[in-house]
Protein chains: 2
Amino acid sequence: MTNYAEHSPILVAIDCIIFGFDGNDIKLLLIKRGFAPAKNKWSLMGGFLLPNETLDEAANRILKQLTGLEGVYLEQLNAFSAVNRDPEERTISVAYFALIDIHKYEKQISDQYHAEWFLLSQKPKLIFDHDEMVALAQKQLRYKAALHPILFELLPDKFTIPQLQNLYEGVYDTVFDNRNFTRKLLSTGLFVKQAAKDKSTSKKGAFYYKLDKRKYKVKQAAFLNFVPKADKFL
Amino acid sequence: MTNYAEHSPILVAIDCIIFGFDGNDIKLLLIKRGFAPAKNKWSLMGGFLLPNETLDEAANRILKQLTGLEGVYLEQLNAFSAVNRDPEERTISVAYFALIDIHKYEKQISDQYHAEWFLLSQKPKLIFDHDEMVALAQKQLRYKAALHPILFELLPDKFTIPQLQNLYEGVYDTVFDNRNFTRKLLSTGLFVKQAAKDKSTSKKGAFYYKLDKRKYKVKQAAFLNFVPKADKFL
DNA sequence: CCAAAAGTGTTTATACTACACCCATGA
DNA sequence: TCATGGGTGTAGTATAAACACTTTTGG
């Protein structure tokens, strides 16, 4: 450790791994890069850190730029720093992952960036180390969701329990016993049953639930163990 | 997101939160800064990212510089980026936390940096945002250690169960029931009992154990739940 | 022989898992 | 009426928590 003189400047970028859920599947929002290097290749949405903003601010700015959304779930994932990860200049990138309600984003904005939602299983090859970022984000999503109630960030205000189960099954790529799943979920006391039903997926209809926001905030930090044998999936 | 031209360069630093365990208490290794700004103030050990190394490499380099140790437990914690966190120049810092066997580090090296081990409860005020880094590292240590077997990184090859319990009690600042603790620990099958005893802390002596390195690697990813009601401590 | 730390078992309560049938409804 | 998805209960097992006494041995 020496003084500050003569340290080669290094560019600092942010990349966002944006997850959405369409009611059936987990999806990833990708853009077609409009500039060199790697023009027209699929990529995560990203940008550079500006002189007077923090990384969190930059990530929020970049997310809003693409989706029009503010105040969504955003979490710093990891800084990626392989020496030649960006062929143009030495750049490190701090990856953030975001969970958004896919129905809320503004399509016309994301059209500017030629953005598309991809199933994780049908994700194209991405530029630089973005595949690695996505893989880590997926791992972190599984890890975190096994312990903490975060997947609700992907759902609209009102959602049904079968929807929620779909979501969990998508994240862990497996099936859960619906009786055990429901019981565990409701036993947290996080959910408020609504009078109305969602009849879009069955004749009988499934009751809507809302999150109890108060309790939700309190239990963010608690270990809830929604996922049976969670360590098998990590 | 634009092209690469004219992005203000930002310095990239690394800071290491170094934890050790002396058999009784968790300690933190701090240095007295030998250069401006904040000369002679207590600080984490840090340095700048060099053009041809990754962040992980830089963290390892910095750690070795201070302790002489290589191959120790080191984990990227978070990137800190408040705009004025460093008064000299715009610098973001990627914090790493390290777990080392306090008996293995080379004192003469750390003497060069005027390094000292501090009890967490007696930590002096640190420069910049280093207090925040330490707080986050402590939180992450509790979080991780509640779920994964990592605290062994702080112990020598051979250790006793009472030592281990001391360590856990130090991390969570509480006391555990020794019967339940021992049973849970041994039920993992991670430990190999040695013939010899450590007689330094009692007349009866406590048996040494070693980690089963094979099983240890396998179970790194498993949830082990060593800490009763772990969510109370997070 | 006694102080000080190490080591050990049992009981109870809670949480998890496996498992299968009835319900409501629109077509 | 029937096909489709939604909703519910129980019994067995495993895990966790609470709890106190005996063992060893150096001084």
Side-chain angles (χ1 to χ4, degrees), chain A residues 23-25 146-147 149 155 158-170 172 174-209 219 222-233, chain B residues 23-24 146-147 149 155 158-170 172 174-209 219 222-234:
Chain A
N24 290 304
D25 298 291
L147 299 169
L155 291 171
K158 290 177 182 180
F159 50 85
T160 67
I161 297 207
Q163 263 172 27
L164 202 39
Q165 187 170 348
N166 261 345
L167 173 51
Y168 274 86
E169 292 182 342
Y172 295 98
T174 184
V175 290
F176 299 141
D177 181 282
N178 70 330
R179 289 160 291 187
N180 293 337
F181 184 80
T182 307
R183 179 163 358 95
K184 218 178 248 188
L185 222 56
L186 295 180
S187 75
T188 61
L190 289 176
F191 302 95
V192 185
K193 194 175 191 171
Q194 305 299 113
K197 280 186 162 187
D198 169 26
K199 295 220 164 190
S200 67
T201 55
S202 76
K203 294 160 184 172
K204 183 176 180 182
F207 282 104
Y208 281 116
Y209 284 80
K219 297 225 175 171
F223 289 161
L224 291 175
N225 190 24
F226 288 131
V227 181
K229 299 179 187 166
D231 49 350
K232 298 291 173 295
F233 301 105
Chain B
N24 290 304
L147 298 169
L155 291 171
K158 291 178 182 178
F159 51 85
T160 68
I161 297 205
Q163 264 172 26
L164 202 40
Q165 187 170 347
N166 262 345
L167 174 51
Y168 274 86
E169 292 182 341
Y172 294 97
T174 186
V175 290
F176 298 141
D177 181 283
N178 69 331
R179 290 160 291 186
N180 291 338
F181 184 81
T182 307
R183 178 165 357 95
K184 219 177 245 188
L185 223 58
L186 295 179
S187 75
T188 62
L190 289 176
F191 302 95
V192 186
K193 194 176 190 173
Q194 306 299 111
K197 280 184 162 188
D198 168 25
K199 295 222 164 190
S200 67
T201 55
S202 77
K203 293 160 185 171
K204 185 176 180 181
F207 282 103
Y208 282 116
Y209 284 80
K219 297 224 175 170
F223 290 160
L224 291 174
N225 190 23
F226 287 132
V227 180
K229 300 178 185 167
D231 48 352
K232 298 290 173 295
F233 301 106
L234 305 176

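A note on names: the letters A, B, ... follow the listed sequences, proteins ahead of strands, and every chain is numbered from 1.
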Candidate nucleotides C:dA6, C:dA20, C:dC19, ranked by approach to the side chain of A:N180 - the nearest: C:dC19
Send over the distance from A:D198 CG to D:dT4 P, rounded to a whole Å. 19 Å
Rounded to whole Å, how long is the line connecting atom CD1 of A:I161 with atom P of D:dG5? 18 Å
Would you call A:T201 and A:T160 a side-chain contact if the rule is heavy atoms closer than 4.5 Å? no
Counting only N and O atoms by type, is there a donor-acceptor contact under 3.5 Å from the side chain of A:Y172 to the main-chain atoms of A:A146? yes
If you look at every strand shown and take non-hydrogen atoms under 4.0 Å, does B:K199 touch a base, only sugar-phosphate, or nothing? sugar-phosphate
Can you identify which nucleotide, out of D:dG9, D:dA18, C:dA20, has its nearest atom closest to the A:N178 side chain? C:dA20
A:A206 side-chain proximity, nearest of C:dT17, C:dA20, D:dG6: D:dG6
B:F191 vs B:F159 aromatic rings, parallel, tilted or perpendicular, using cut-offs 30° and 60°? perpendicular
Starting the side chain at C-beta, find the nucleotide from C:dA3, D:dT8, C:dT17 nearest to B:K203. C:dA3
Rounded off to whole Å, could you give me the CG-to-C1' distance for the A:L185 and C:dA15 pair? 16 Å
Between D:dT10 and A:R179, counting only base atoms on the nucleotide and side-chain atoms on the residue, is there a donor-acceptor pair under 3.5 Å? no
Decide yes or no on side-chain contact (heavy atoms from CB on, under 4.5 Å) for B:N178 and B:I161, but give the supporting numbers first. CA-CA 9 Å; B:N178 69 331; B:I161 297 205; over 6 Å; no
Can a side chain N or O of A:K197 be found less than 4.0 Å away from OP1 or OP2 on C:dA24? no
Considering only side-chain heavy atoms of A:K204, which listed nucleotide, C:dC19, D:dG5, C:dT17, is closest? D:dG5
Nearest whole angstrom, please: distance from the P of C:dT10 to the CG of B:D177. 16 Å
Among the candidates C:dC16, D:dG9, D:dG7, find the nucleotide nearest to the side-chain atoms of A:F207. D:dG7
For A:N166 and D:dG6, give me the distance from atom CG to atom C1', rounded to whole Å. 13 Å
Between D:dT8 atom P and A:L186 atom CG, what is the distance in whole Å? 8 Å
What nucleotide, of D:dG27, C:dG7, D:dA18, holds the atom closest to the side chain of B:P162? C:dG7
Return the value, rounded to whole Å, for the distance between atom NZ of A:K184 and atom P of C:dT14. 18 Å
Student check: side-chain heavy atoms of B:P149 and B:L190 closer than 4.5 Å: yes
Whole angstrom is fine here: how far is it from CD in A:Q163 over to P in D:dG5? 15 Å
Ranking A:G205 and B:T160 by the position along DNA chain C of their nearest nucleotide, the one closer to 5' is B:T160
